[in-house]
Colleague: 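Let me begin by handing over the structure; questions about it come next.
Just so it is clear, the values below take in all heavy atoms, side chains as well, and ignore hydrogens, waters and symmetry mates. Throughout, protein chains are lettered first and strands after them, A, B, ... in sequence-line order, and every chain is numbered starting at 1.
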Amino acid sequence: MPELPEVEVVRAGLAPAVAGATVSVVEVLDPRALTRHRGSSDDFEARLTGRTFRAVVRRGKFLWLPLDGGSGEGEAVVGHLGMSGQLLLRGIEAPRERHERVRIVVEHPRHGELAVVFADQRTFGSLAVDALVATADGAAGGWGDDTALVASQAAHIARDPLDAAFVDAAFGQTLARKAVAVKRVLLDQTVVSGIGNIYADEALWAARIHPETPASALSRRGAMRLLAEVRTVLRKALAEGGTSFDAQYVNVNGQAGYFAHSLNAYGRHGSPCPRCGRPIVRLAFTNRSSHLCPACQRRKAIRLPAVIVK
DNA sequence: CATATTTCCTGCCTGC
DNA sequence: TGCAGGCAGGAAATAT
């Protein structure tokens, strides 16, 4: 469930400890953590050992750590936390985490030796050594680095709503030509990245928009209001350290965030809507759920063409 | 081309 | 107490 705020907390925690650090040892404990790496575990270890991390960069829910040197535009370690992935900073003597999959020992010129531990209960997350490619729009690849490069595995992902190079007008135009439910579009990482089920439900609640509203049925003003609410909820969650329900999402020190206390709709079915007091409901949505207030978030009436009935 | 469904995985929770 | 089944869900692959 790490979405943009949670991944940004991890990025910001990792950056000061890892930027400028050199990899001394790589241990792959479970090759399923490398499903997106083109090559063996040995290849991953060999490509990484001895390299120096230049930065920690994030776009949407993707993280990448550019490596110094190399050919062409260079390479990076690209990572996605999936459902339950964690990147933890530990001392080199630290015992194994419960679901530890990869351990990268680095030597930092000021902080000394550290272990970067990738732990992942459900193994939807993964790490890979990946090529860096130029960004399509020439702007910086993401948060945390000024260079106009992006990991190739994240290059097809749209910019996220907190990215300075995100284009609001293009987002509005995309919504206007999509017939599918607006919530689906919010979750489509090729349209806007960083939003998952929690923040989609929260933003739609704040904007008083029913998740099944066809995207194209929103007015331009409605679309921009939704985008503004997306940004507000992402920023608030980031300021509170992200959303943690159990031990699934934690920062690099293993600590939970506080935003779960601020949720208005997600997971609150049966509880009163904080705005109107009527119960929040849960609706089936593909293989997951939508949480909403049916009173505040009215399904927009679809204007049907006139039909002549004999 | 656009949209819908399936797949990957483990741990917790419910109901029998 | 055990165990089956449901559920959680991001994104790529596959199907319609």
Colleague: Could you check which of B:dG11, C:dA8, C:dG10 has an atom nearest any side-chain atom of A:Arg122?
Modeller: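 Out of B:dG11, C:dA8, C:dG10, the nucleotide with an atom closest to A:Arg122's side chain is C:dA8.
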Colleague: Just compare B:dT10, C:dA12, C:dA8 and give me whichever is closest to any side-chain atom of A:Phe62.
Modeller: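 Taking heavy atoms from C-beta onward, the closest nucleotide is C:dA12.
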Colleague: Do we count A:Phe124 as stacking onto C:dA11 if the rule is ring centres under 5.5 Å and planes under 30°?
Modeller: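 It does not: the ring fails the test against the base of C:dA11.
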Colleague: For the pair made of CG in A:Asp188 and P in B:dA2, what is the distance, rounded to whole Å?
Modeller: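 So the CG-P distance, A:Asp188 to B:dA2, works out to 11 Å.
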Colleague: Under the criterion side chain to side chain contact (heavy atoms under 4.5 Å, CB included), I'd like the reasoning laid out for A:Leu204 against A:Ile209: C-alpha separation, chi angles, the key distance, then a yes or no.
Modeller: CA-CA 5 Å; A:Leu204 288 163; A:Ile209 294 170; 3.9 Å; yes
Colleague: C:dG10, B:dT10, B:dA4: which one has an atom nearest the side-chain heavy atoms of A:Glu3?
Modeller: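 So the side chain of A:Glu3 is nearest to C:dG10.
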Colleague: Students often get this wrong, so: under 4.0 angstrom with heavy atoms, is A:Arg98 touching a base, only sugar-phosphate, or nothing?
Modeller: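 It contacts sugar-phosphate atoms only.
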Colleague: B:dT3, B:dG11, C:dA12: which one has an atom nearest the side-chain heavy atoms of A:Ala179?
Modeller: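 Within the option list, the nearest is B:dT3.
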Colleague: Has the side chain of A:Arg36 got a donor or acceptor atom sitting under 3.5 Å from an opposite partner on the base of C:dA12?
Modeller: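 In this structure, the two groups form no donor-acceptor pair.
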Colleague: Whole angstroms only, please: what is the NE2-C1' distance between A:His80 and B:dC8?
Modeller: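 After rounding, the gap between these two atoms is 14 Å.
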Colleague: Between C:dA12, C:dG10, B:dC9, spot the one nearest the side chain of A:Arg32, thanks.
Modeller: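 Closest nucleotide among those given: B:dC9.
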Colleague: Which part of the nucleic acid, if any, lies within reach of A:Thr35 when heavy atoms closer than 4.0 Å are counted: base, sugar-phosphate only, or nothing?
Modeller: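 Nothing: the residue A:Thr35, judged by heavy atoms under 4.0 Å, touches no strand.
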Colleague: Check whether A:Phe124 forms a cation-pi arrangement with A:Arg32 (NZ or CZ under 6.0 Å from the six-membered ring centre, at most 45° off the ring normal).
Modeller: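 Ring-cation test returns no.
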Colleague: How many Å lie between CD on A:Gln121 and C1' on C:dC7, as a whole number?
Modeller: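 Rounded to the whole Å, the gap is 13 Å.
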Colleague: Going by heavy atoms in the side chains, are A:Arg159 and A:Asp137 under 4.5 Å from each other?
Modeller: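 Yes, close enough: below the 4.5 Å cut-off.
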Colleague: In terms of side-chain heavy atoms of A:Arg184, which of B:dA4, C:dG10, B:dT10 is nearest?
Modeller: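 For A:Arg184, the side-chain atoms sit closest to B:dA4.
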Colleague: Can you label the angle between the A:His37 ring and the A:Phe44 ring as parallel, tilted or perpendicular, going by 30° and 60°?
Modeller: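 Because their plane-to-plane angle is over 60°, the rings of A:His37 and A:Phe44 count as perpendicular.
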